[in-house]
Amino acid sequence: MSSVCVVTTLRAPLHETLMFVNYHLNIGVDHMYLFFDDPADAAADVLARRSRVTSVRCDLEFWNGHTSPTPSSIIERQRLNARTGLDLARRAGFEWIVHIDSDELLYSEQRLDELLADVPDDVQALKFPTMEAVLDRLEYHRPFEEISQFKVHPASLGKKLLVTPEERNRLSRDAADFRRRLRWARLLGCVSVPADGYLRGHVEGKSAVRTSADLQGLDCHEPIPTARETVRASVADRAWLLHFDCRGFAGWKAKWQKLNRTGNEWMSKHRRRNVQRFAAIEETGDASRLSTFYKELYFVRPYDRFILTRLALLRRLGLDPMLFNDREEVGSTDPMSASLMTEK
């Protein structure tokens with residue numbers, strides 16, 4: 001099996017952070033490098049005793065050691081932290097590193113370390129396509145456990161990832177088939193398939209990358225190779241990135257208020273338009289309109305769920321609740337004694 005670590009810049013509620021960490025350590029991740037965007041985050045103290053977790057508080061002392069002043073963009077802070085995490089992973093001898101956010105879970109039909117062990121030696125990066133969480137209520141207490149339906153999207157590859165011609169043709173066919181199924185969904189009356197984008201968050205997925213690759217660092221979705229270089233890559237066949245772009249109305253409102261304040265040059269066009277709509281509605285002070293807009297973005301009506309499922313555009317998954325527990329604390333000798341994931 002291959003050794004693998006995860007690097008994340010995070011700012012999340014304590015219980016969600018613990019679920020995020022426990023889940024990945026239970027599916028085959030060897031170590032978590034966590035960079036707390038809020039240096040006072042309580043999770044940094046709670047996780048300090050965990051041998052398989054490295055917690056870094058991103059305070060002024062930390063940033064002064066890397067750059068000055070503190071980067072104002074979350075994207076830039078993520079890139080800098082990922083670069084630090086890559087350096088730490090190389091020194092620790094881990095073979096693979098994955099840069100993900102705290103609202104994302106790596107989903108595989110086998111243990112992650114076993115999946116990566118099967119990757120051919122000449123492949124330096126494995127891309128995980130995105131599946132996006134679909135909501136059916138305003139608030140969740142344990143969203144990773146309670147949300148079980150996901151929109152499916154084909155893989156998206158950047159220009160710096162090089163795949164074989166055969167795989168490139170397969171991905172092209174997958175994308176064309178996806179567009180056909182979207183058209184069928186619209187013809188059948190699905191209002192949950194907007195013209196400007198099926199997913200509300202990102203479609204780029206995330207990448208597992210060999211630490212031995214010749215890299216400048218790690219971007220949010222893919223590795224950053226050295227100048228004029230490309231990275232030999234492949235797309236995971238039975239593994240995805242589960243993106244919980246929204247986990248409840250209150251958190252969504254706070255997140256989008258911040259998105260509106262901090263600029264949107266890095267957003268997709270449809271994301272930018274939706275943030276602008278959010279800002280316009282919020283200015284009216286009409287809470288009812290805001291919750292209606294929230295439901296429009298993230299809810300899928302029952303008829304649409306039926307059609308999208310039949311068209312393989314929507315998938316129901318069940319994650320074993322035991323995967324979100326701290327197995328070290330309860331003394332389990334087999335972290336995979338329960339089934340990894342099941343499809344409901």
Side-chain angles (χ1 to χ4, degrees), residues 1-6 20 23-30 95-100 104-134 144-145 147-158 161-164 166-178 181 198-199 201-210 221-223 231-244 308-324 335-344:
M1 292 187 290
S2 292
S3 59
V4 55
C5 62
V6 163
F20 170 80
Y23 172 86
H24 286 103
L25 292 179
N26 284 330
I27 67 163
V29 172
D30 295 284
E95 298 170 78
W96 292 88
I97 187 169
V98 193
H99 181 202
I100 60 175
E104 299 169 337
L105 301 179
L106 297 170
Y107 171 91
S108 174
E109 294 180 2
Q110 65 184 119
R111 280 184 60 98
L112 187 64
D113 47 1
E114 294 175 352
L115 172 74
L116 295 173
D118 292 336
V119 176
D121 291 341
D122 63 333
V123 172
Q124 298 170 303
L126 185 69
K127 193 68 179 284
F128 294 84
T130 302
M131 288 204 288
E132 184 180 87
V134 172
F144 296 139
E145 288 183 19
I147 298 171
S148 61
Q149 286 197 315
F150 298 85
K151 293 180 177 180
V152 177
H153 198 280
S156 173
L157 294 181
L161 291 188
L162 178 66
V163 299
T164 64
E166 294 79 13
E167 186 160 13
R168 180 69 69 178
N169 289 336
R170 178 180 65 82
L171 295 175
S172 179
R173 291 193 300 270
D174 289 347
D177 181 57
F178 173 75
R181 286 182 280 134
Y198 183 49
L199 302 191
H202 67 78
V203 301
E204 292 89 352
K206 294 296 170 77
S207 306
V209 187
R210 292 190 191 273
H221 304 282
E222 296 180 351
V231 173
R232 174 78 168 85
S234 184
V235 174
D237 183 32
R238 296 191 302 162
W240 295 264
L241 179 87
L242 303 185
H243 186 200
F244 296 77
L308 294 173
T309 301
R310 292 295 297 270
L311 290 171
L313 293 169
L314 193 70
R315 184 176 178 185
R316 182 180 291 274
L317 302 173
L319 302 181
D320 186 342
M322 293 296 289
L323 294 172
F324 298 100
M336 297 303 294
S337 57
S339 60
L340 184 61
M341 297 90 174
T342 58
E343 185 162 356
K344 294 183 178 179

Does anything in residues 124-134 form a side chain to side chain donor-acceptor pair (under 3.5 Å)? List the pairs, not counting sequence neighbours. K127-E222

If you define the side chain from C-beta out and look only at heavy atoms, does anything of V119 sit under 4.5 Å from W96? yes

Report the distance from atom CG of L319 to atom CG of N26, rounding to the nearest 0.5 Å. 12.0 Å

Test side-chain contact (heavy atoms from CB on, under 4.5 Å) applied to C5 and I97, step by step: CA-CA 5 Å; C5 62; I97 187 169; 3.7 Å; yes

If you measure from NE2 on H202 to NE2 on H221, what distance do you get to the nearest 0.5 Å? 5.0 Å

Let me see the working for L105 and F324 under side-chain contact (heavy atoms from CB on, under 4.5 Å), right down to the final yes or no. CA-CA 11 Å; L105 301 179; F324 298 100; 4.1 Å; yes

List in chain and number order the residues that pass salt bridge (Lys or Arg N to Asp or Glu O under 4.0 Å) with E114, two or more places apart in sequence or in another chain; answer none if no residue qualifies. none

What's the spacing between R232 CZ and D121 CG if we round to 0.5 Å? 11.5 Å

Mind listing the closest non-hydrogen atom pair of V231 and A125 along with its distance? CG1-CB, 3.8 Å

Considering all heavy atoms, the nearest I147-A133 contact: CG2-CB, 3.7 Å

Could you check whether any side-chain heavy atom of L314 comes within less than 4.5 Å of a side-chain heavy atom of Q149, counting everything from C-beta outward? yes

Could you report the tightest heavy-atom contact between A233 and V163, atom names first, then the distance? O-CG1, 3.3 Å

Mind checking the CZ-CG spacing from F150 to L317? Nearest 0.5 Å is all I need. 5.5 Å

For E204, all residues meeting side-chain hydrogen bond (donor to acceptor under 3.5 Å, both in side chains), sequence neighbours excluded: none

D177/R181 salt bridge by N-O under 4.0 Å criterion: yes

Nearest atoms (heavy-atom pairs only) where L116 meets A208: CD2-CB, 3.9 Å

Quick one: side chains of residues 236-244, donor-acceptor pairs under 3.5 Å with protein atoms, not counting sequence neighbours, listed by atom name and distance.
| from | atom 1 | to | atom 2 | distance (Å) |
| --- | --- | --- | --- | --- |
| H243 | NE2 | D103 | OD2 | 3.3 |

So does L106 get a backbone contact from the side chain of H24, meaning a donor-acceptor N/O pair under 3.5 Å? yes

Between L126 and L115, is any pair of side-chain heavy atoms under 4.5 Å apart? yes

Mind listing the closest non-hydrogen atom pair of D30 and S3 along with its distance? OD2-CA, 3.1 Å

Tell me the closest heavy-atom pair linking P129 and V235, and the distance in Å. CG-CG1, 3.9 Å

Mind checking side-chain hydrogen bond (donor to acceptor under 3.5 Å, both in side chains) for S234 and listing every partner two or more places apart, or none if nothing turns up? E167

When rounded to the nearest 0.5 angstrom, what distance separates CD in E166 from OG1 in T164? 4.5 Å

Roughly how far apart are L25 CG and F20 CZ, rounded to 0.5 Å? 9.5 Å

Please answer whether the main-chain N or O of F144 pairs with a side-chain N or O of Y23 as donor and acceptor at a distance below 3.5 Å. no

Side chain to side chain contact (heavy atoms under 4.5 Å, CB included), paired with Y198, selected from L308, V152, V203: L308

Close side-chain approach of H99 to V209, heavy-atom, < 4.5 Å: no

D174 meets the side-chain hydrogen bond (donor to acceptor under 3.5 Å, both in side chains) criterion, sequence neighbours left out, with R170

